[in-house]
Structure formats: structure tokens, C-alpha cells
Protein chains: 2
Amino acid sequence: MVDPTSHPDNSESPAATDKAARDPLAILPGYTLRRAANAMMAELGALLGEVELRVSEASILLLIDGRSTMTSSLIGAALDIRSANMAPLISSLVARGLVERVPLDGKSMAIVLTEPGRAVLARVRTITQDFEQTLMLRIPPEHRDHFVPALNALWR
Amino acid sequence: MVDPTSHPDNSESPAATDKAARDPLAILPGYTLRRAANAMMAELGALLGEVELRVSEASILLLIDGRSTMTSSLIGAALDIRSANMAPLISSLVARGLVERVPLDGKSMAIVLTEPGRAVLARVRTITQDFEQTLMLRIPPEHRDHFVPALNALWR
DNA sequence: CCTTTATAGCTATTGAATATAGTCAAGTAC
DNA sequence: GTACTTGACTATATTCAATAGCTATAAAGG
């Protein structure tokens with residue numbers, strides 16, 4: 001009959017297979033990167049649930065704070081969000097009274113915080129700073145200072 | 001009334017606003033993590049386009065190589081994919097002849113590589129190893145060895 | 001045994017995030 | 001002026017992962 005355990009004769013590099021056997025996820029640092037990012041974003045998302053904002057919405061608030069000439073295309077360029085996707089995002093923030101559209105010229109609209117928007121942003125700042133801190137504290141001290149520089153080197 | 005340019009008196013920490021002004025994305029390491037992960041996965045995804053596999057499909061092949069008792073639930077546990085999402089994933093790999101389902105007992109199915117699957121996997125290994133290498137080379141040497149350990153500390 | 005509970009695999013459906021295509025008006029260049 | 005570009009937007013499509021629920025098998029307890 002079929003003994004499922006009698007299958008191991010695969011004549012490939014035993015070293016690679018061995019490595020995979022011990023920690024299959026370690027094969028791909030890039031994959032580990034994705035897993036870590038997903039886990040972190042899920043966590044931050046849960047924290048931001050308190051103010052009912054998604055991560056991208058919170059980043060928009062953080063980004064436009066103190067500025068009066070950020071258009072949706074500028075925000076999109078900074079956060080890597082297509083203009084087609086910016087529109088509904090901003091509309092939802094406008095509908096909730098957190099930001100408003102202020103005409104800059106005939107065709108450009110500045111996205112600026114409203115008073116309620118500033119209040120929510122204050123809470124967002126607390127949440128994200130706490131999160132960032134616990135994030136860094138999870139990293140052993142000897143690796144800590146290398147983390148963000150390494151991350152930035154990857155894609156900038 | 002509202003002159004959009006006369007808006008900069010926001011009586012918050014000028015330091016924080018300043019930091020945000022210079023590089024708004026650097027505010028959130030967690031956000032930078034997400035951006036980096038997205039960029040990396042897009043890149044790897046493009047490379048894997050050569051063998052018409054998504055990142056998750058390629059990881060499955062890498063994971064089951066040399067094993068004859070990996071069930072879809074085990075794979076899902078290792079890669080953090082729900083069993084509901086494993087089903088269509090595996091089905092597609094089966095349909096393409098890369099893996100096959102082998103009954104282990106009445107209700108468990110081992111997912112094992114076929115001969116063509118092994119051939120594709122060899123190519124996948126080359127691609128991912130190349131990718132992994134260029135990834136690490138982008139990180140300045142002094143940060144390099146700290147990257148993966150820091151990443152793993154975040155979520156394991 | 002036979003009933004209960006847990007496990008494995010699966011289907012169908014949903015929701016969120018993002019991408020594509022195209023509209024329209026306002027600005028820019030020649 | 002005509003032609004081209006840019007900013008904001010609508011509508012739609014694709015992709016991915018999450019939820020709920022089903023069925024059959026296996027394991028555990030009486």
C-alpha cells in the first residue's frame with residue numbers, strides 16, 4: 001500500500017531541503033517581511049479602531065496636519081495611493097467632518113483638517129506613538145537602531 | 001474668511017510637526033514597514049510572474065518540498081492562510097499539475113509535489129534566492145545582519 | 001456500541017484595498 | 001486659437017483574505 005512516509009528520495013540539494021525543514025519561513029526574508037508587516041498593520045488597525053479610522057485614513061490626517069496646500073494628488077503621491085482611490089477616501093473623511101476641501105485655484109482642492117479633525121488627530125498621534133514605541137521595544141536593543149535604516153534602504 | 005494660506009498656527013508640538021514636515025512618512029516605522037513590504041512583494045511578484053506563480057503559491061511549493069505528510073491545514077498554519085482560502089489555492093496548483101492530493105487517512109490529504117512541480121520549484125528557488133540576495137545587498141552592510149532578527153522579533 | 005465533540009477539507013459569500021478606464025473642466029504650450 | 005496636460009472625480013473590475021456554514025471522518029465518553 002501507500003506508505004506516505006516513504007517518499008523522501010528527492011534528489012535535490014539536501015542542504016536546501018534541510019534548511020527548509022528546520023524553518024521553512026526563513027527561506028524568504030522577503031516573505032518574513034510581509035508577514036511582519038501584515039501582523040503589524042493588523043495590530044495598528046485594531047488600535048485605530050478606537051477612532052474608527054483605517055491606517056490609510058490616519059496617515060492622511062497625520063500628513064496634512066499643519067499644512068494648507070496639500071491636494072489629494074500630493075497626498076496620493078506621498079502615500080502611494082492612486083488619485084482614483086483618493087477621491088472616495090477623502091469624501092469619507094469629509095462626510096465625517098474631519099477634513100474639508102478648500103479651493104486653491106480653479107481646479108485644485110486643498111485638503112485641510114477641521115476642528116473635529118484636529119481633535120481626532122490628537123488621539124491618533126497618541127495611538128500611533130504608543131504603537132511605534134511598543135514596536136521598537138520588541139526589537140532586542142542591539143538590533144533596534146538598525147531597523148528603520150535597513151527598512152528604508154530596501155525601497156527608497 | 002478662510003484664507004487657506006494663513007492656517008499654520010496650530011498650537012501643537014512644533015517639533016513633531018516639523019519632523020512630519022520634513023519626512024511625513026518617517027513618523028511611522030510601522031507604516032514604513034508596510035510600504036517596504038508592499039514594494040518588496042510587488043517586486044517578488046513580478047519576478048515570480050516568470051513561472052506564473054503568486055508569492056503564496058511559491059511559498060507553498062517551497063514549504064512542501066521533500067515532505068510527504070503536509071496537509072493543507074498544516075500548510076495554512078505555517079503560512080497563516082485560513083483553510084477556506086487554502087482550498088482554492090491548492091486546487092489551482094493541482095489543476096496546473098504542480099502538486100497532487102494524496103490521501104493520508106480517511107479525512108486528511110497530503111499535498112505533495114509532482115514531477116512538473118519539482119521542476120517549477122527549481123526555478124522558484126533560483127528566483128527567490130536571487131531576490132533575497134539583492135534584497136540584502138540593498139541594506140548597508142552595518143545594518144544587514146540586524147535586519148532579519150529585528151523583523152522576527154516583531155511578531156513571532 | 002452509540003452519542004458527542006473536534007478536526008479536515010471544502011463551498012459560497014462578503015468586504016476591503018487597489019487597479020483600470022474614462023469623464024470633465026481647468027491650466028499650459030505652441 | 002488648437003493641442004496637450006493635469007487635477008479631481010465616477011464607475012467598474014480584480015484581487016485577497018475573512019466569515020459562515022456544510023459534510024464526513026476521527027476521537028472520546030458514556
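Proteins come first, then strands; the chains are lettered A, B, ... in the order of their sequence lines, and each starts at number 1. Atoms considered below: every heavy atom in the structure, side chains included; atoms not considered: hydrogens, waters and symmetry mates.
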field: Closest heavy-atom pair and its distance - L89(B), S56(B)
entry: CD2-OG, 4.2 Å

- prompt: Hey, does the side chain of R144(A) reach the backbone of M136(A) with a donor-acceptor pair shorter than 3.5 angstrom?
  reply: yes

- request: Pick base, sugar-phosphate or nothing for M109(A), based on heavy-atom distances below 4.0 Å to the nucleic acid.
  value: sugar-phosphate

- request: Measure from the side-chain heavy atoms of A87(B) and tell me the nearest of dC10(C), dA8(C), dC9(D).
  value: dC10(C)

- prompt: Given L93(B), which of I111(B), V120(B), L53(B) fulfils the side chain to side chain contact (heavy atoms under 4.5 Å, CB included) condition?
  reply: L53(B)

message: Between C1' on dG7(D) and CE on M70(A), what's the gap in Å once rounded to a whole number?
response: 14 Å

- line: Heavy-atom closest pair (A153(A) atom, I139(B) atom, distance to 0.1 Å) is CB-CA, 4.1 Å

message: Please report the interatomic distance CZ(R54(A)) to CD(E52(A)), rounded to the nearest 0.5 Å.
response: 9.5 Å

Polar atom pairs between nucleotides 13-20 of chain C and protein, under 3.5 Å, N or O only, would you list them?
{"residue": "dA17(C)", "atom": "OP2", "partner": "R54(A)", "partner atom": "NE", "Å": "3.3"}
{"residue": "dA19(C)", "atom": "OP2", "partner": "R82(A)", "partner atom": "NE", "Å": "3.2"}
{"residue": "dA19(C)", "atom": "N7", "partner": "N85(A)", "partner atom": "OD1", "Å": "3.1"}
{"residue": "dA19(C)", "atom": "N7", "partner": "N85(A)", "partner atom": "ND2", "Å": "3.2"}
{"residue": "dA19(C)", "atom": "N6", "partner": "N85(A)", "partner atom": "OD1", "Å": "3.2"}

message: In whole Å, I'd like the distance from the CD1 atom of I60(B) to the P atom of dG9(C).
response: 13 Å

query: Are the side chain of Y31(A) and the backbone N or O of L79(B) linked by a donor-acceptor pair below 3.5 Å?
result: yes

Please list, one pair per line, the donor and acceptor atoms closer than 3.5 Å that link side chains of residues 39-51 of chain A to other protein atoms, with sequence neighbours excluded.
{"residue": "E43(A)", "atom": "OE1", "partner": "R138(A)", "partner atom": "NH1", "Å": "3.4"}
{"residue": "E43(A)", "atom": "OE2", "partner": "R138(A)", "partner atom": "NH2", "Å": "2.4"}
{"residue": "E50(A)", "atom": "OE1", "partner": "R123(A)", "partner atom": "NH2", "Å": "3.0"}
{"residue": "E50(A)", "atom": "OE2", "partner": "R123(A)", "partner atom": "NE", "Å": "2.4"}
{"residue": "E50(A)", "atom": "OE2", "partner": "R123(A)", "partner atom": "NH2", "Å": "3.2"}

message: Distance check needed: dA24(D) C1' versus R101(B) CZ, whole Å only.
response: 16 Å

field: Straight-line distance of H146(A) NE2 to H146(B) NE2, nearest 0.5 Å
entry: 3.5 Å

query: For M86(B) and dT19(D), what is the distance between atoms CE and C1' respectively, to the nearest whole Å?
result: 18 Å

Protein-nucleotides 26-30 of chain C N/O pairs under 3.5 Å:
{"residue": "dA26(C)", "atom": "N3", "partner": "K107(A)", "partner atom": "NZ", "Å": "3.4"}
{"residue": "dG27(C)", "atom": "OP1", "partner": "G106(A)", "partner atom": "N", "Å": "2.8"}

message: Between D65(B) and R118(B), does any side-chain N to carboxylate O distance fall below 4.0 Å?
response: no

Length of the line joining L89(B):CG and dC10(C):C1', which is rounded to integer Å: 13 Å

- request: Send over the distance from M41(B) CE to dA17(D) C1', rounded to a whole Å.
  value: 17 Å

message: Does S83(B) reach a base, just sugar-phosphate, or nothing at all? Heavy atoms under 4.0 Å.
response: base

query: Which part of the nucleic acid does S91(A) contact within heavy-atom distance under 4.0 Å: base, sugar-phosphate only, or nothing?
result: nothing

- prompt: Atom CG of L74(B) and atom C1' of dG9(C): how far apart are they, to the nearest Å?
  reply: 13 Å

